[in-house]
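For reference, the structure discussed in these notes is given below.
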Amino acid sequence: MTVTRFAPSPTGRLHVGNLRTAILNWLFARARGGRFVLRIDDTDAERGDEAFVAAIRGDLAWLDMAPDAEVRQSARFDRYEARLAELADAGRVYRAYETPQELDLKRKVQLGRGLPPVYDRAALALTDADHARLTAEGMRPHWRFRLDHDAPIEWDDLIRGGQRFDPGTMSDPVVRRADGSWLYMLPSAIDDVELAVTDVVRGEDHVSNTALQLQMFAAMGAAPPRFAHAALLTGAEGKLSKRLGSLGVDHFRAAGIEPAAIVALLARIGTSQPVEPFVDRAPLIAQFAFGHFGRAPARFDDAELAQLNARIVHQLDYLAVADRLPAGMDAAAWDAIRPNLATVAEAADWWAVVTGPVAAPAFDDGDRAYLVIAAQVAATIDWSGDPWHALTAALMAATGRKGRALFLPLRRALTGRDQGPDMAALLPLIGRDAAIGRIAAV
Ligand code: GLU
């Protein structure tokens, strides 16, 4: 059974990069008939905030990607303690006491000698007596994971292909701070084992973490999950700007972007598959495969999102949007107005045009004379069928006008605008009396 997890830290709102990671995890789980788990990485009580946890849940719900289960790292500290103790017994974690300043100095010396700034494992040489003395001096240890330098790190990444790291070039990572708090690396690996995560899908900024975590899985005697590291997102301008990094669900919602547009875009950018305006997710799920993902950065473009959103809005059924439409706006009105919308919210503008009043622009004498005739003709036509075609046909016959000269003054008088929804659909919504009133008023 495929199990994926989306593991945000509740230190802020989800941004577009996080949303993409969530979407990829969700799609893959759905494609495999598996489970999608939300893991709240809240080991850091100081930086985490309950409001952000609620916002993360809300964002996933808005995307219609409610997780199949939720776990919180803050509820699992006893598991981390137990695993740390086991790893300590096995000699795979060890206590160290260097201060940040001391470590910094060591790094500088190494760099000065042209050596890689890898932790020198000085703490491994400490004896029980040393530990006792340091403890008596009031020192508290942090814990490092001891990498196995003889075990080359290799995996076949579902997106990046074969990956290889030399553990000898990496520092033994600190997994627990002297104050007892946990760093991200080990708890995440423990959770992936104990929650039976089969596939870790995340951004390529985690590739070197994966290298370290693969040794943690091995040290725990657990088979590692598969890994898929997606290339990072960049803005249309070429890099992940501050602005893009701060865009989240609130922004998209306020801009009238539909969840389906976000999902359709973020599911496909960075892949060889076309971005398509899917309202229904079934094809996105059915066609999802890591083999389609490339290694080049995925470009996120607001303009592309806005266009995709419009194409999605044009497909939405009345029932899908009814609760967001102005009172009185029915299915016929939605169907008439929908092709003109970039966002659902814009429907209210057009509904205001239907219900009036509208401010008609100024007309020249010729058009005014034409509209006087139009008001008279409008009173004589059959309004029960297709009044727009009845009106324009009668006016063509009566005035000899054609094309723009025939249609545009009517559109302007009726809607106050030069462009908009198909008048044949709009006119019945405006209705006979209001329409005649608007034409006669100019
Ligand atoms: N909390 C980590 C992050 O936000 C999770 C990384 C992971 O997926 O393991 O980057």
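Order of listing sets the numbers, starting from 1, for every ligand and every atom in it.
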Show the protein residues that qualify under the rule heavy atom under 4.0 Å from an atom of ligand 1, listing them in chain and number order. Arg5, Ala7, Ser9, Arg39, Asp41, Tyr184, Ser188, Arg202, His206

Of all residues at least two apart in sequence or in a different chain, which pass the ring-ring contact (aromatic ring centres under 6.0 Å, His included) check with His206? Tyr184

Considering only heavy atoms from C-beta outward, does the side chain of Phe293 approach that of Leu158 to under 4.5 Å? no

State whether a side-chain donor-acceptor pair under 3.5 Å links Asp157 with Trp155. yes

With ring-ring contact (aromatic ring centres under 6.0 Å, His included) as the rule and sequence neighbours excluded, what pairs involving residues 112-138 come up? Tyr97-His131

Is the distance between the ring centroids of Tyr94 and Phe145 under 6.0 Å? no

Got a sec, which residues hit side-chain contact (heavy atoms from CB on, under 4.5 Å) with Ser181, two or more places apart in sequence or on another chain? Arg177, Asp179

